[in-house]
Amino acid sequence: MSEHLEIRRDGRLVEIALNRPEKRNALNVPLCIALADALEQAAADPQTGAILLTANGKAFCAGMDLDEMLEFARATPRPEGDPAAEAHERLFTVGSRINKPLVAAVRGPALAGGMGLAANCHVVVAAEDALFGLTEIRIGLWPFLVFRAVAAAVGERRAVEMALTGRTFSGREAAQYGLAHYVQPAEEVEAKAREIAQGIAAASPEAIRAGMASVRRSRGKSAAEAGEIARRYREEVIQSEAFREELRRWRH
């Protein structure tokens, strides 16, 4: 277990908290690897119904660790491969790979990689005064590795504008763009996110597994192909004993 994460379980809900408050939860390579490990392990556990991602301290995540990136940039000769890029690529595609719902509670800044982390979550609860932004351009970089997740959340044209300007915006604006789904006063964010995550965790695991697999496998497919994928998963759920039990429960 990483010193930079706090992990606890409450029934079928696994809560993972970023725990580098002194660094505003900046994403260095060890934290990226530990977080990807924790998310993948929680998702692989059949006892997990949902995952809640939170953060300790005043920031959700300030993005990549600039001190670490400066070390990589100065390295001569260049190390074989790019450990930061590899760790970021794994982390910033996790939302499209895991088969369990991921809910985020965002308070304070969620900038650059922090915004990419939020965009990887399936449900985002943001504080009204949370601060989002693709700010990489301010240090002469482009948000290469988080761009796909952000574009999937807000649309490619909006994501390009955000990347070009590096502007920041509030939780309320994030909801308008589709990046956040719920907006709460800061003191209510984690309670609201936990309530949503617990509700998801209590829902039919068979329906969620099949539904998320259907969404994942339909990406990039034609309408006909996506329809066939959806039909197969629907049939699988309808034929299951779990679904029949749910129907009997609701009928009574």
Side-chain angles (χ1 to χ4, degrees), residues 9-16 36-53 89-106 116-126 146-159 174-183 192-252:
R9 175 180 286 275
D10 181 8
R12 290 180 53 77
L13 177 63
V14 174
E15 183 171 340
I16 301 173
D37 284 345
L39 291 169
E40 290 169 359
Q41 289 167 12
D45 186 344
Q47 298 305 312
T48 300
I51 305 165
L52 175 60
L53 182 63
E89 173 67 13
R90 181 181 168 210
L91 180 59
F92 294 136
T93 58
V94 71
S96 65
R97 291 186 288 104
I98 64 174
N99 62 353
K100 298 293 172 67
L102 180 56
V103 180
V106 179
L117 192 55
N120 262 272
C121 296
H122 305 111
V123 181
V124 174
V125 182
V146 304
F147 188 85
R148 287 165 291 169
V150 173
V154 306
E156 183 179 287
R157 191 162 180 254
R158 175 71 72 184
Q176 293 172 7
Y177 300 147
L179 179 64
H181 303 92
Y182 301 84
V183 181
K192 179 65 174 179
R194 191 169 290 108
E195 175 189 344
I196 292 169
Q198 286 174 335
I200 294 171
S204 165
E206 291 82 6
I208 288 176
R209 178 198 58 77
M212 294 189 70
S214 176
V215 170
R216 185 170 60 250
R217 295 187 180 181
S218 295
R219 291 192 185 104
K221 300 293 195 299
S222 68
E225 290 172 321
E228 176 60 21
I229 290 168
R231 187 199 64 76
R232 289 201 306 269
Y233 278 109
R234 179 178 182 273
E235 188 68 19
E236 178 183 317
V237 171
I238 288 176
Q239 295 282 328
S240 70
E241 179 58 31
F243 178 68
R244 288 192 287 269
E245 289 180 5
E246 285 291 325
L247 279 184
R248 286 193 288 268
R249 185 171 68 85
W250 279 102
R251 288 182 65 187
H252 293 87

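Numbering starts at 1 and runs along the sequence shown.
For A149, the side chain to side chain contact (heavy atoms under 4.5 Å, CB included) partners are A119, N120, not counting sequence neighbours. Not counting sequence neighbours, the partners of R234 by the side chain to side chain contact (heavy atoms under 4.5 Å, CB included) test are I238. Among residues two or more places apart in sequence or in another chain, the salt bridge (charged side-chain N to carboxylate O under 4.0 Å, His left out) test is passed with R90 by D37, E40. Qualifying side-chain hydrogen bond (donor to acceptor under 3.5 Å, both in side chains) partners for S240, counting only residues two or more places apart in sequence or in other chains: none. Y177 is linked by a ring-ring contact (aromatic ring centres under 6.0 Å, His included) to F169, counting only residues two or more places apart in sequence or in another chain. Listed by chain and number, the residues in a side-chain hydrogen bond (donor to acceptor under 3.5 Å, both in side chains) with S214 amount to none (sequence neighbours excluded). Applying the side-chain hydrogen bond (donor to acceptor under 3.5 Å, both in side chains) rule to E228 yields the partners R231; only residues at least two apart in sequence or on another chain are considered. A search for side chain to side chain contact (heavy atoms under 4.5 Å, CB included) contacts involving E195 returns K192, not counting sequence neighbours. For the salt bridge (charged side-chain N to carboxylate O under 4.0 Å, His left out) test, no residue two or more places apart in sequence or in another chain qualifies with D10. Considering only residues two or more places apart in sequence or on other chains, E235 meets the side chain to side chain contact (heavy atoms under 4.5 Å, CB included) condition with Q239.
Contact record, A36 with L91: N-CD1, 4.1 Å, taken as the closest heavy-atom pair. Summarising the geometry of V154 relative to A159, their closest heavy-atom pair is CG2-N, 3.8 Å, with the distance given to 0.1 Å. Taking all atoms of both residues into account, the shortest heavy-atom contact from A175 to V183 is CB-CG2, 3.5 Å. Taking each heavy atom of G116 and V146 in turn, the nearest pair found is CA-CB, 3.8 Å. Residues A197 and A50 approach most closely at O-CB, 3.6 Å, considering heavy atoms. P101 and G49 make their closest contact through CD-O, 3.5 Å (heavy atoms, listed as atom of the first residue, atom of the second, distance).
Atom CG of L52 and atom CD of Q198 lie 8.5 Å apart (nearest 0.5 Å). With values rounded to the nearest 0.5 angstrom, I98 atom CD1 is found 5.5 Å from H122 atom NE2. Rounded to the nearest 0.5 angstrom, I200 CD1 and K100 NZ are separated by 13.0 Å. The CG atom of L53 lies 9.0 Å from the CD atom of E15; values are rounded to the nearest 0.5 Å. Atom CD1 of I51 sits about 9.5 Å away from atom CG of D45, to the nearest 0.5 Å.
Contacts classified as salt bridge (Lys or Arg N to Asp or Glu O under 4.0 Å) and involving residues 205-224 (residues at least two apart or in different chains) are given here: R209-E236.
R12 places no side-chain N or O within donor-acceptor distance of the main-chain N or O of P205, the cut-off being under 3.5 Å.
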Evaluate the criterion side chain to side chain contact (heavy atoms under 4.5 Å, CB included) for residue pair V106 and V124; output intermediate values, then yes/no. CA-CA 7 Å; V106 179; V124 174; 4.0 Å; yes

What verdict does the side chain to side chain contact (heavy atoms under 4.5 Å, CB included) test give for Q41 and V14, after you've listed the backbone C-alpha separation in whole Å, the side-chain angles of each residue and the deciding distance to 0.1 Å? CA-CA 10 Å; Q41 289 167 12; V14 174; over 6 Å; no

